[in-house]
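A quick write-up on the structure given underneath.
Whatever order the structure lists ligands and atoms in, that order sets their numbers, starting from 1. For clarity, every value in this text was computed on a predicted model and none was experimentally measured.
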Amino acid sequence: MDEGNNEVRIAVGAATDAGGRDGNEDAVLIAEIPPVARGAEIADAGTLMALADGMGGHQRGEVASKLAIETVQAALVSNPHTDMALLLKQAFREANRTIFRNGREAGDGAMMGTTLVVAATRGKYVTIANVGDSRAYLVRANRLTQITQDHSLVAEQVSQGTLTQQEARESPHRNIVTHALGQREKLDQKMPNIFELTLLPEDRLLLCSDGFYDVVEDDDFVSVLLRNDPDSAARRLVELANERGTTDNVSAVVAEVTPVRVLEPVLAGAGADRGGLGTYLVPALVLLGAVVFIALVILALALLG
Ligand code: CA
């Protein structure tokens with residue numbers, strides 16, 4: 001799917017798979033964000049990308065991730081306004097409430113939760129929001145940057161300096177999240193984390209679940225992102241995680257930023273010296289006309305003679 005706008009074009013693709021599990025509790029979404037033109041509020045159209053990794057027994061994780069995705073879609077598509085960061089904060093709070101209530105109504109044994117990472121573009125601007133340990137990455141000028149910080153036990157230990165990155169990757173506790181949607185009645189005041197960026201042509205964005213980054217190394221996924229269109233890249237990344245033996249569900253959402261090609265205006269008279277079709281077409285028509293004229297003259301002379 002392509003979303004045109006004033007300066008850049010965003011092409012997107014997504015893939016999700018049960019991976020090493022029986023059911024898939026991940027959910028992904030790609031949708032268009034309509035433009036805003038209401039009084040003083042004016043904003044470009046954009047693209048919504050979201051990924052949620054649900055948790056909870058008896059398929060409750062599946063319900064939680066689906067509710068999160070649906071809530072964000074409803075908030076950004078049905079009632080858009082220009083302040084994307086505010087829209088996302090409200091949407092994350094709404095999703096938290098909805099999932100918490102749904103879990104409580106289903107009984108004590110049915111508590112559930114989900115991570116949620118969202119990237120929402122408007123023109124060349126993107127706002128990224130996250131809760132939990134699903135990630136957003138940026139590849140710019142062949143360099144990979146992890147935009148989001150995991151809300152996980154091991155990520156906190158790494159930032160405190162009590163654990164190295166490598167120890168975090170190998171820790172049996174690496175999947176314990178410290179913030180998620182739907183697990184408490186109110187989402188922590190500091191949540192979600194919000195990141196705002198201006199996109200450049202050739203940038204790639206990747207949203208992924210832990211079932212992906214637990215088994216695929218940074219260098220491997222950068223080369224897949226750079227060598228494929230977003231749709232093939234997303235599918236290839238999920239395949240790669242399966243080939244590396246992920247024991248979890250695996251999902252990837254990929255965006256590629258390309259500049260919008262502006263067609264040069266073709267002016268009458270100005271095209272003659274551009275070496276285009278007109279350069280050859282006009283003399284050819286003149287020559288054809290001359291040949292027909294001479295043939296008619298010869299025919300006329302023959303008939304008269
Ligand atoms: Ca997971």
TODO: Give a yes/no answer: is there an N/O/S atom of Asp248 under 3.0 Å from the Ca ion (ligand 1)?
DONE: yes
Open item on the list: With a cut-off of 3.0 Å, does Asp53 put an N/O/S atom close enough to the Ca ion (ligand 1)?
Closed with: yes
TODO: State, without any angle test, whether Thr178 and Glu156 hold a side-chain donor-acceptor pair at a distance under 3.5 Å.
DONE: yes
Open item on the list: Any non-hydrogen side-chain atom of Leu296 less than 4.5 Å from a side-chain atom of Ile294?
Closed with: no
TODO: Please confirm if an N, O or S atom belonging to Glu25, backbone or side chain, lies less than 3.0 Å from the Ca ion (ligand 1).
DONE: no
Open item on the list: Quiz question: by atom type and distance under 3.5 Å, do the side chains of Thr115 and Asp133 form a donor-acceptor pair?
Closed with: no
Open item on the list: Report the atom name of the nearest N/O/S atom of Asp210 relative to the Ca ion (ligand 1).
Closed with: OD1
TODO: Ignoring hydrogens and angles, state whether a donor on the side chain of Arg235 or Asn228 is under 3.5 Å from an acceptor on the partner side chain.
DONE: no
